[in-house]
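What follows is one structure encoded as structure tokens, with my remarks underneath.
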Amino acid sequence: MRGKAIELISLVCQSRAEIRAHGVSILLGAYTWNLKTGKPAEIATIAIATKDGASVSEAGVIARALYTARDLIHTPANIKNPLWMAQEAKKIAEEKGLSISVLAGKDLSQFGGLRAVGNSSPKPGPRFIEITYIPKGKARSAAALPHVVIVGKGITFDTGGISLKRPYEFMTAMKSDMAGAAAALATISALPDLQPQVKVTVLMMCAENSLSGTSQRPSDVITQYGGTTVEIINTDAEGRLVLADGLAYAVENLDPDYLFDIATLTGSATLGLGRQYAALYTRDEKLAKELVSIGESSGERVWHMPLIDDYRDSLESDVADLNHAADKGDYSAGSVTAALYLEHFVGESRWVHLDIAGTGRSETDSGENAKGGTGFGVRFFIDWILSLS
């Protein structure tokens, strides 16, 4: 029914969760996006017959959030830069009554990873975007609520920098390298309508990884937020640099009860799990089981991956505290070593890393996914946050 002006009526006599999932899936199947001129795309009309109107309403909220994520991901990088991302976040925050702050320029002096990547494209340069949701009537008692912080990778285009991405055909899809930040923003956009009794903060780490005279170089040494020095080996391993700043900022300033990051981070995750499962990393076995179950019920499945301490020596550096590309080892476990790098910045937090390199993008029109950005993570986060209420 995608792109067709058909009328669809569905009769549903199932559980509340199944009704909601059914509604979300139908709406996703109707999603289209393009910048074609001429006749506008046709839009399907969908009706769901059920006594449980609340579940249908929730399905609409979640589907709209997914549409938001997909629209952000599909927007081409000549339109979508870090400034544009900040402007879109401000529009959503204003519409939904969320608090927002945006840092740029000199205000990013402590964010060494974000600056190292984003200064390769100095006009407009990188942005750090912080958005917060607090339930209605809970502003004074927000400290008593569970606090969830989600850090999203927001690389609006990734050339690989000086370590230019090859083969060059791989670069075409790199407008979707901000899918983690898109999922985080879309998630928080739905919360004012759903009103979970949870405080949620989203940190969007937005930059363009370009090739220019101001690009970072292999052999540079940068200082991440919080003071860790890092030897740059491969400028195409930029995502972990911007995420590390966000994670360290969250630990130092936000006191999270749960700290997540979400990113299209490594091709290794796709090699290991394909496009049906995201790689999930955490030391918290109980939380991992809960999240795996949420993934199965939400339709956004995750696989609990190991944080293998034997691989930590790959992050050693002769000249800095760490090298970010696991250059000292040959473990053929790029998704694992990337997660180990990020873990260095999370302190004692209950931390979860989601590598959505495979699931964040669909290469074909297939079922509920249109070709391109999927919005993976939105249903997963919303369902889990609702479970905390």
Side-chain angles (χ1 to χ4, degrees), residues 77 80-82 85 108-128 151-181 204-225 228-248 261 263-270 314-330 333-342 344-345 355 357:
K80 175 180 62 187
N81 58 35
M85 289 285 286
L108 294 176
S109 60
Q110 296 184 70
F111 294 82
L114 191 60
R115 287 188 296 106
V117 177
N119 286 348
S120 64
S121 187
K123 294 184 180 181
R127 294 294 188 276
F128 171 80
V151 183
K153 174 187 172 183
I155 303 299
T156 56
F157 197 81
D158 179 20
T159 68
I162 286 179
S163 303
L164 196 63
K165 197 176 292 291
R166 290 179 291 272
Y168 303 122
E169 291 80 7
F170 285 3
M171 214 183 292
T172 305
M174 286 300 105
K175 68 178 183 180
S176 65
D177 210 19
M178 37 61 70
M204 299 167 61
M205 314 303 294
C206 294
E208 181 177 357
N209 189 25
S210 191
L211 181 60
S212 73
T214 54
S215 297
Q216 63 176 335
R217 296 157 290 256
S219 79
D220 282 0
V221 175
I222 68 166
T223 303
Q224 299 263 202
Y225 194 101
T228 299
T229 59
V230 176
E231 180 185 10
I232 301 303
I233 303 296
N234 181 344
T235 66
D236 195 24
E238 84 297 331
R240 66 200 70 182
L241 297 179
V242 303
L243 288 175
D245 276 352
L247 292 168
D261 71 78
T264 48
L265 201 64
T266 68
S268 297
T270 307
S314 65
L315 298 170
E316 294 175 358
S317 168
D318 295 333
V319 297
D321 297 327
L322 299 172
N323 90 80
H324 78 305
D327 186 63
K328 288 292 185 181
D330 187 19
S335 183
V336 178
T337 53
L340 288 170
Y341 179 82
L342 294 176
H344 178 85
F345 300 91
D355 190 336

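Keep in mind that the numbers below use all heavy atoms, side chains included, and drop hydrogens, waters and symmetry copies. Here, residue 1 is the first one in the sequence, and each next residue gets the next number.
- Every pair passing side-chain hydrogen bond (donor to acceptor under 3.5 Å, both in side chains) that includes a residue from residues 165-174 is listed here, sequence neighbours excluded: Asp158-Lys165, Lys165-Asp236.
- Residues in residues 110-125 take part in these side-chain hydrogen bond (donor to acceptor under 3.5 Å, both in side chains) pairs, two or more places apart or across chains: Ser121-Glu208.
- By the side chain to side chain donor-acceptor pair (under 3.5 Å) test, Asp318 is found to be paired with Lys328, residues two or more places apart in sequence or in another chain being considered.
- Residues passing the side-chain contact (heavy atoms from CB on, under 4.5 Å) test with Lys80, sequence neighbours excluded: Thr75, Trp84, Met85, Thr156, Lys175, Met178.
- Residues passing the side-chain contact (heavy atoms from CB on, under 4.5 Å) test with Thr266 are Arg240, Ser268, Ala269, Ser335, Ala338, Asp355, sequence neighbours excluded.
- Residues satisfying the side chain to side chain donor-acceptor pair (under 3.5 Å) criterion with Gln216, sequence neighbours excluded, are absent altogether.
- Between the side chain of Asn81 and the main chain of Gly125, no donor-acceptor pair closer than 3.5 Å is present.
- With hydrogens and angles ignored, the 3.5 Å screen pairs no side-chain donor or acceptor of Asp220 with any backbone N or O of Ile232.
- Partners of Thr235 under the side chain to side chain donor-acceptor pair (under 3.5 Å) rule, at least two apart in sequence or in another chain, are Ser163.
- The distance from atom CD of Gln224 to atom OG1 of Thr229, rounded to the nearest 0.5 Å, is 9.5 Å.
- The main-chain N or O of Val242 is never found under 3.5 Å from a side-chain atom of Lys153 such that the two would form a donor-acceptor pair.
- Partners of Thr228 according to the side-chain contact (heavy atoms from CB on, under 4.5 Å) rule, which considers only residues two or more places apart in sequence or in another chain, are Val230, Asp321, Leu322, His344, Phe345.
- A search for side-chain contact (heavy atoms from CB on, under 4.5 Å) contacts involving Pro122 returns Thr214, not counting sequence neighbours.
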